[in-house]
Protein chains: 2
Amino acid sequence: MVGRPAVPEVIWARPERAGRGPKPAFSRADIADAAVRIADAEGIDAVSMRKVAAELGCGTMSLYNYVPRKEDLYELMVDRVSAAYELPEHPSGDWRADLVALAHQTRALMHRHTWVPRLMSPVYGFSPNALRFLEYALSCLDGLDARFGEKMELIAMVNGMVTTYVSNEIATAERSRSLPWSEEQEQAARTGYLISQIMTGKYPRMAAAFAEDSGPIDLDGVFDRALDRVLDSFERSAS
Amino acid sequence: MVGRPAVPEVIWARPERAGRGPKPAFSRADIADAAVRIADAEGIDAVSMRKVAAELGCGTMSLYNYVPRKEDLYELMVDRVSAAYELPEHPSGDWRADLVALAHQTRALMHRHTWVPRLMSPVYGFSPNALRFLEYALSCLDGLDARFGEKMELIAMVNGMVTTYVSNEIATAERSRSLPWSEEQEQAARTGYLISQIMTGKYPRMAAAFAEDSGPIDLDGVFDRALDRVLDSFERSAS
DNA sequence: ACCTCACTACGTACGGTGTACGTAACTAGG
DNA sequence: CCTAGTTACGTACACCGTACGTAGTGAGGT
């Protein structure tokens, strides 16, 4: 009982303000905002403890008073932008519509902050806003006669599907955007190589796929269709 | 015409063996194997140019003769393990069964090499084995009356869904495995905090979800069911 | 046969990273 | 008021990706 496990603390478990010493100069929100600002502007790889500290105007190591490890900084960031979820007090009663609305919010959030999919990947966090989200999503499914495990499965499936789709959307969007020279050449090299491979005739179907005039792609439509399919199939298996 | 764009080359475009100088000491397969060995044993974050070079028994900078950038090393790794795909000469004619079999291969591959989901995330590579995979997957769908764009959508959806699920499986598996002390305490702290939050009564449904005796979870069943749903919905919308 | 030059090999060095540790200043509870 | 816990932060270490320069090697063209 001498020392609580000091090393592997969960950041949400420690209070923002400790009682004793001088009052902290920054709040968690301040720190998360600074990191989010950097990530939005320069990408998630540009987020380093030094840069965040500089953005805040404090010494690098001062950050470690607030954020024990960099991984925790990521959790702070995701939780911070997740505060933007607008969750009604009570679901509408139409669980499908509610889940679709929720998925649209997630998608919009990821488009506003394109680094979110990368950070979401590993494990569910249990940040305040993550708990808020999960509880609300479960409440949307109150009318459903299913075990909680199945409901969690559905929520995970929808979230995973959204993450997958938005990741692809972001990747293709970055492809067509004006890129810093080097990346543009990089892309040219990639497609050039791809064409050369297709030219060999070893991949006739891929050749046809690339030759196909697909017209303007309706990303929103693709997304909604896929989401509908997932919900369809769940509804059918649940009934 | 003086200098081809030297910087942003695609690794698959340059021949393994250049005609002129002394013959290379290693093949791409050697290098990829070394990196895969490290990633399997110590995780993907332990894969560094120095470590791979040491594993091969050569100087760090010698690696750069074979691998222009670290990102290319990752491509080599994914392609190398993707060689394990056993793709029949001709699909069976039952596209659903073929796609299910393919998904099972992907899942098994990712369980053998748990770092693959992390590396797959960003964009489709066009490595030899990726092309082989895509061409075969398209050939499975030859009988379907759909545009190539839609077929690619389906393939992407299945792959994304597999990646999402296996990522979760791996995460939960690592949770229950015997962990290096620190990580075990880390987990204890996480669940401890989660319980304390649930105890507050602010999240009644999550509390119920955790209280629910879900019995032994059949991961294979969950996976197959989810996969079936995705294919179901596509079949219906295609018919 | 030889010359030449692309290619291989690799040591050194630079700028970046996360973060352990030690020290000094500060402030709220006893 | 005193003291103990907090905050602030400079220094330092180990590690990373990789630019650059140099030396050696061996196949191609002549």
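By convention in this document, chain letters (A, B, ...) are assigned in the order of the sequence lines, proteins followed by strands, and residues within each chain are numbered from 1. No experiment lies behind these values; they were computed from the predicted model shown.
Whole-Å rounding puts the L73(B) CG to dT18(D) C1' distance at 14 Å. M49(A) places its CE atom 6 Å from the P atom of dT19(C), with the value rounded to the nearest Å. The CZ-C1' distance, from F26(B) to dT8(C), rounds to 11 Å in whole Å. We find that CZ of R69(B) is positioned 17 Å from C1' of dC16(D), with the value rounded to whole Å. The distance between atom CG of D30(A) and atom C1' of dA8(D), rounded to the nearest whole Å, is 16 Å. The distance between atom CD1 of I31(B) and atom P of dT8(C), rounded to the nearest whole Å, is 11 Å. Here dC10(C) presents its C1' atom at 9 Å from CG of N65(B), a figure rounded to the nearest Å. Counting to the nearest Å, the C1' atom of dC16(D) and the CD atom of E71(B) are 16 Å from each other.
Aromatic ring pairs are classed by plane angle as parallel below 30°, tilted from 30° to 60° and perpendicular above 60°; the pair F223(A) and Y165(A) is perpendicular.
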Produce the list of close N/O pairs, under 3.5 Å, pairing protein atoms with atoms of nucleotides 20-27 of chain C; give distances to one decimal.
none

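In this structure E42(B) satisfies the salt bridge (Lys or Arg N to Asp or Glu O under 4.0 Å) test with no other residue, sequence neighbours excluded.
Using a 4.0 Å heavy-atom cutoff across all strands shown, Y66(A) reaches sugar-phosphate atoms only and no base atom. Using a 4.0 Å heavy-atom distance criterion, A53(B) is classed as making no nucleic acid contact.
Ion pairing of R80(A) with D30(A) is absent here, as no side-chain N (NZ or NE/NH1/NH2) approaches a carboxylate O to less than 4.0 Å. Classification of R118(A) and D45(A) as a salt-bridged pair holds, one side-chain N sitting under 4.0 Å from a carboxylate O. A salt bridge links R107(B) with D220(B): at least one charged nitrogen is closer than 4.0 Å to a carboxylate oxygen.
For the pair T164(A) and T163(B), the minimum side-chain heavy-atom distance is 4.5 Å or more. The side-chain heavy atoms of L109(A) and Y85(A), taken from C-beta on, include a pair separated by under 4.5 Å.
The shortest distance between the side-chain N/O atoms of S62(A) and the OP1/OP2 oxygens of dC9(D) is below 4.0 Å. The side chain of T60(A) places no N or O atom within less than 4.0 Å of a non-bridging phosphate oxygen (OP1 or OP2) of dC9(D).
On a pure distance criterion of 3.5 Å, a polar donor-acceptor pair joins the side chain of R50(B) and the base of dG17(D).
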